[in-house]
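This report concerns only the one structure given below.
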Amino acid sequence: MIDWYFSHIVLVQSTLTTLLLALSVQVPLRAGVFSFAGVGCYGIGGYIAAIGMVHYGLSTATAILLSAVVGGVVAYALGLLIQRLTGLYLAMATVAFTLIISVLVVNGGDLTGGAAGLFGALGMLDTGHLLAVAVVVVAALTFTEIGPLGRRVEAVREDPELASAMGINVARYRRATFAVSGVLGGLAGSMTVLLRSTVTPDDINFHLVVLALTIIIVGGSRSWLGALVGTVIFVWMPEVLAFVGEWEDVVYGVLVAAAAVYLPGGVTGAAVAGYRTYRRKRREAADAPPDGPPPQPVAAGVGGDS
Amino acid sequence: MASGTIEDVDGAADTAATESVLRADDVAVHFGGVKAVDGVSIELTPGRIFGVLGPNGSGKSTLLAALTRLVPLTRGSLEFEGRRYDTVRPHTIAARGVARTFQTVRILPGRTVFDNVALGAESAGSAGKAERGRARQRARTAIERTGLAGKERHRPDELSYGYQRRVEIARAIASEPTLLLLDEPTAGMNRQERDDITGLLGDLRGEGLTQLLIEHDVQMMVDACDHLFAMNFGELIADGEPEAVVRHPAVQEAYLGKQGRAHA
Amino acid sequence: MLDVSELHVSYGPVHAVRGVSLLAEAGRITLVLGANGAGKSTSLRAICGLQPAGGGSVRLDGAELLGKRPHRIVREGVSLVPEGRRIFAPLSVAENLRIGGYTAGRSRVAALADGVYDRFPILAQRRDMPAGLLSGGEQQMLAFGRALMAQPRVMLLDEPSMGLAPGMVDTVLDRVRAIADSGIGVLMVEQNVDAGLAVADTVSIVARGEVVRSGDAEELRQDASVVHALLGDAALAEEGTA
Amino acid sequence: AEGGIATQEGIPQEIKLLGVRDQTGPVAYAGIGGARGGKLAITEINRSGFLGDGVKLTIEEIDTAGSIETASAEMAQATADRTVHAIMGPTQGQQAATVAPMVERAQVPTIFTQAGSDGVVINDYTFRATAPMASYYHLATEYLAAKGLRDVSVLYNATYPTFAEIGEGAFPKQADRHGLNIVSSTPVQSTTQDFTTPVRSIAGENPEAVVMLLTEPQSVTALTQLRQAGYDGQVMGTSVQGGGNLTEAGRHGEGVIYPTDFSPALRSEKARDFVAAFRERFGQKPDVYAAEGYDGMWWLARAIKASGSASREGIKRGLQQVAKEGFDGVMGELTFEGNDMRVPGVLVRWNGRSEELVSDGGAS
Amino acid sequence: MAQHILNAVALGSVYLVFALGMALSWSTIGILNFAHGATFMFSAFTAHVVTQHAALPMPAVVLIAVAAGALIATLTQLLAFGPIMRRATDHRSAELRILIGGIGVAAIPLAIAERVTASAPFGFRGSTYQAQVFEVFGLRMTTTVLVIVVAGIGIGVGVWRWLATSRQGLALRAIGVDSETASLMGVDRSTLALGTMATSGALAGLAGALLTFQLGAISPASGDQLLIKAFAIVVLGGLGSMGGVIVGAFVLAGAETFVLAMNQGTWVDAVSFGLIFVVLLLRPQGLFGRKEVRRT
Ligand SMILES: Nc1ncnc2c1ncn2[C@@H]1O[C@H](COP(=O)(O)OP(=O)(O)OP(=O)(O)O)[C@@H](O)[C@H]1O
Ligand SMILES: Nc1ncnc2c1ncn2[C@@H]1O[C@H](COP(=O)(O)OP(=O)(O)OP(=O)(O)O)[C@@H](O)[C@H]1O
Ligand SMILES: CC(C)C[C@H](N)C(=O)O
Ligand SMILES: [Mg+2]
Ligand SMILES: [Mg+2]
């Protein structure tokens, strides 16, 4: 067990940081905001942490905190700037934001280390710290998923106009998701960099956007659990698929495509749907007279309807 | 109330009423060249059901959108419980107690009937635990009253059209609003089903709820409303006692087919 | 000409239509009445191939339609004015009509559209506006006009009068009558019972997925209270099971 | 359990190594080449009984698939595996820099090939069997100066650390020293695909030589378009050209000269034997990556022999000891700066089908 | 200056040919195909493999790539997007899944090509085609550029007009809005969708062949780089507007060429994406896009 843990420590840790990254895209998406600003803030957070540590000797905690705050503030400001945008237009604008950041750091001279990036920003972080952060984040997010707040977030996503006719301040929700995604992105970026000690402009790329999106769609886009499931799948897939060797990417592609086709709500969505069917079946079984004939479809009709 | 085109069929009845819930003054909504609403002034007094009649495209729904701030006003002013609100954002006025239904069904597809109604119920109050309990109770009551009992756990797309409309109504009344705006709430229902809804609206009036109702069923409007407005081409063409309004020649001319004439 | 017999449709465990039989004959209007949730729309959708049927048959002049894909069925000459209008919101009014005439051959589209514009002048005024901006009633007119463009042999109408002002209800139903008189079979669901009865030839009343009564419209016109009672019963029954 | 515990001193019968590098993904060619070179070396080492009778080196390759995450995850597992004696590390600069602190923590000696950026050779356990490109790029500069090609334009990928370093640092400095005149310096990005605009400007300047510091596909395009833009002067490339991509440039690639750490055209006996053996085994000529993998593996074997121990500590000590002395490899006389390899380098010309020697820094 | 404009036009045409295919399926039937880049790359790769065995002239190479592209896209539609669309209740829920389906599909040809080439660049060395360089009015260009510009602008304008005026074009747009209702109009949605995807794939193949001729070689990763640019172009032009795609392609190419001509090569992406960002700030629906139609 201990051995297993130590040889998989990187996977365990990157599961936790990747979860935060995925959440930074999922949180806005859940409110109908198709924003990848979180990925840009992942880059910002990574660089701030590395710069803080390498150039200014900040402590690990300070570096992470600073990254989260700056990420949140930058994303919030971005949100203010582009609040008129929706859908894929918003997606494009935020992808542009992310890619611009990667160009900025290439051209950042000594501060950012240019094309080579920065090295030696090894933070004092262990799995326990990461776990604590993840738990706090997940607990906080749970509140936005269940009960009244959950319903409101869903209304903001599904029908903003309806939501505002229900007294919900849609613009404020949207701006808030920007800030949250910035904080999450900043956390994810800074912790990733402090774990691996290096950051380069290449770390902020379109593939990260794709990865985050794939994780939450395959895992399930409606709750943090979906993000977690997706993260576990994609972080551990190379490990699990190692046996197919060089065809790993082909298998990966087939699995992702199959998930898109067969799992409309992602893995968690499928699980929830399966559970519902199971419960309904049980209800029906319980409703049927114990010694009578099995319920005919005809009989089940109105019964199920009412 | 300034527009010269309004023919006040019996002006006296209204002015005697108490303080108004909502007052719209010379409201106009233009979309480019389309004058969807053009200088409408209305006043809604507490505890009554007001109806809006008018041909298709006469601006009824747009008027409702204007009253709920979902479209910008081209001109005019709005007042709710004595406070101007023609520049606030839609959620503000909704939060003050104006609930509405939409002409085309708008419900959250992924949520159950109960959740949809609860969304309305919760929009009224704070987030406290006791209040949450009350909100659930309000939602349950609204579901009962709209004939949705037993369908709480259904998803909207599993419901027939008529039942989807009821969800809209339930959601609106669950917020226990001060003013309820209904845009063709009974479209797709037959006479009996309409009567149920009308009965419900009457009960709500009994509880003091002010309502503004848009419907094309003249019989139902006459039965249900205390006061009718008739619109055509974005303007009010008549305003007053229901019976009087539907008999008004301009309304007959603009609006009523065989069905309405039979009634008059 | 369109002979629906013993149609069954289920949504998963919900058996919504249970052995419905309906007939649409050339030159005649068959009115389908029923309470909310009775299974009217489901039946029409199944006839058009939008919903897989669990059993029964739908024959057009003897040829089986069940199992065919919707666009095939439409090309056989069956067109539907769907519940809830379903106009193409971002397309202009004119484009909505053009797509309605997709099967009708290029050359006739313009003339057919002019016919619709004559009947509904407001649509002509809104010709180049995205259809989604129309008022509810205007959209209903467009949906109706769009179905006319297909020049069907059988027309299925799911509440064509919904959201229409009384005057316009007359226009539409008169038009339906005229269509039927030109030799087209019409199967029409209506909640506006009186207006529907006024133009119908035959009536079928559906409750809980079954036809509980069918007969001559004339008969029922004389005794409208029977209809109302049946509908009322159905509604009560619905609530009763709830 | 199979294999010994890698912390035990002495030389066991089986010495287990792991290669953790790209076998798929965008720079797979480097990892694949490195792995092949290493395999060939292992066969020779084992067959010759270099480490003693019956002592066998074994290696297993693990794919990092072009991803930093995978690289660090696989390295974590590799370093945690107590039967692993040493690791042949990732070829990509960033992957390598990320795992470098890790191998120190786990105290597993790791030899990198390629991985040209800073931050890779940073502690006692990190070793590199590839000389930084900048360390032998002077061969190019000297050649240009000797041929009197003084007006030079530089076209370089500024988002790629190795090239940025030469384009902005090493080359301008050397050019200055040798009296070359840099007419223009044009940075592009890794995402630049079409070079019409920059090469037009360069062709317009008509310098006597163009120094081209670009990735593989970029090189092909830039060369093709440079020629189409009417430039027919000398083009000076980098060892990236050794990967065979110039074949794709067809006649446009003919005559390009570049410094490299290894060329199949090298005339030393070691190199000739290596080329022949490699050909026999893999059916093609070895590239620079293979040569680095091969010399890297021999470095390791010599290290074990030198310290008399295949334990992790022993290998580390041995590698340092060998580095201090240097040795002869297929890349020529190898010297070291700390744990980092230096090569004499060689300048070659692409004749359209293969490399020809132009001059060598003593590698033959 | 004139030379720079010509270069921008050439680059814009390359982008255009690539983006057209993507925009076609996206703005009609609502399929944002993230495998478009991989289709592009793999078509070129297929042609590359064939030219290694047979010395073919340019038209034959192009034809092979076009056929390969059409085939890949058809398979993608049959195996991934088609089933997704059939299963989805509404288009919005299908949208993200289509995106992910495309990402999954894209991994497959990419992995194969990377495997075979070990990620080294590949081109049409075996083809008999040799680009000729010529000068008109002092401007230098190659026959390849000429072909690309003609093909790009010709096909672009053709597709644009066809979509705007033809019956099928209208049907395609209707499918994109509400495919169920479209089928009620007699539109054979699956066949039309398949045809659209095949055409889109053929355009990807065409782009693959032409761009490989233009660049000399591409690498397996080249498709991804173009994908994000094409995405940017379509959004910049405004979703649903083919004219917008044409303008968008040239605007982006113009911006990039300008930055390169100023010798600020490392700022290219920042400037081009910055430009898109600013355009969206000013026009949230892109240059020629329509605002979403929605009313109360
Ligand atoms: N956003 C808009 N842009 C342009 N015209 C519009 C817009 N919204 C509404 N209209 C037009 O304004 C007129 C009034 O529409 P409105 O929806 O208010 O009518 P209505 O009285 O509710 O009709 P109905 O009874 O058919 O629902 C209609 O002719 C409609 O086409
Ligand atoms: N997608 C669905 N999934 C599950 N059940 C459904 C679905 N669609 C309809 N139903 C159920 O099928 C039954 C018949 O619905 P249908 O829409 O045919 O009724 P209707 O007669 O058209 O009613 P209305 O007058 O309200 O339009 C209803 O009980 C409804 O709840
Ligand atoms: C595989 C090589 C192209 C890697 C490159 N030399 C680097 O340092 O990253
Ligand atoms: Mg209306
Ligand atoms: Mg219905």
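So that the names make sense, note that chain A is the first sequence line, chain B the second, and so on, each numbered from 1.
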**Study point:** Heavy-atom contact with chain E under 4.5 Å, split by part of Arg72(C)
**Key:** neither
Study note, to complete from the structure: Heavy-atom nearest pair, Val186(C) first then Ala24(C), reads O-CB, 4.2 Å
Review point. Can the ring centres of His36(E) and Phe18(E) be said to be less than 6.0 Å apart?
Key: yes
Practice item. Test salt bridge (Lys or Arg N to Asp or Glu O under 4.0 Å) on Arg177(C) and Asp201(C) and set out the steps. Key: CA-CA 10 Å; Arg177(C) 186 67 254 173; Asp201(C) 298 301; 3.1 Å; yes
Point to revise | Engaged part of Arg75(C) at the chain E interface, taking heavy atoms whose separation is under 4.5 Å | key: side chain
Review point. Under a 4.5 Å heavy-atom cut-off, does chain E meet the side chain of Arg85(C), its backbone, both or neither?
Key: neither
Exercise for review: Give me the ring orientation class for Phe231(E) and Trp26(E): parallel if the planes are under 30° apart, tilted from 30 to 60°, perpendicular past 60°.
Suggested key: parallel
Review point. Non-hydrogen atoms of chain E under 4.5 Å away: do they reach the side chain of Thr103(C), the backbone, both or neither?
Key: both
Check your understanding: Does the distance from a Lys or Arg side-chain N to an Asp or Glu carboxylate O, for Lys40(C) and Asp158(C), drop under 4.0 Å?
Key -> no
**Study point:** Contacting region of Leu192(E) [heavy-atom separation from chain C under 4.5 Å]
**Key:** side chain
Point to revise | Proximity breakdown for Arg69(C) and chain E, heavy-atom pairs closer than 4.5 Å | key: side chain
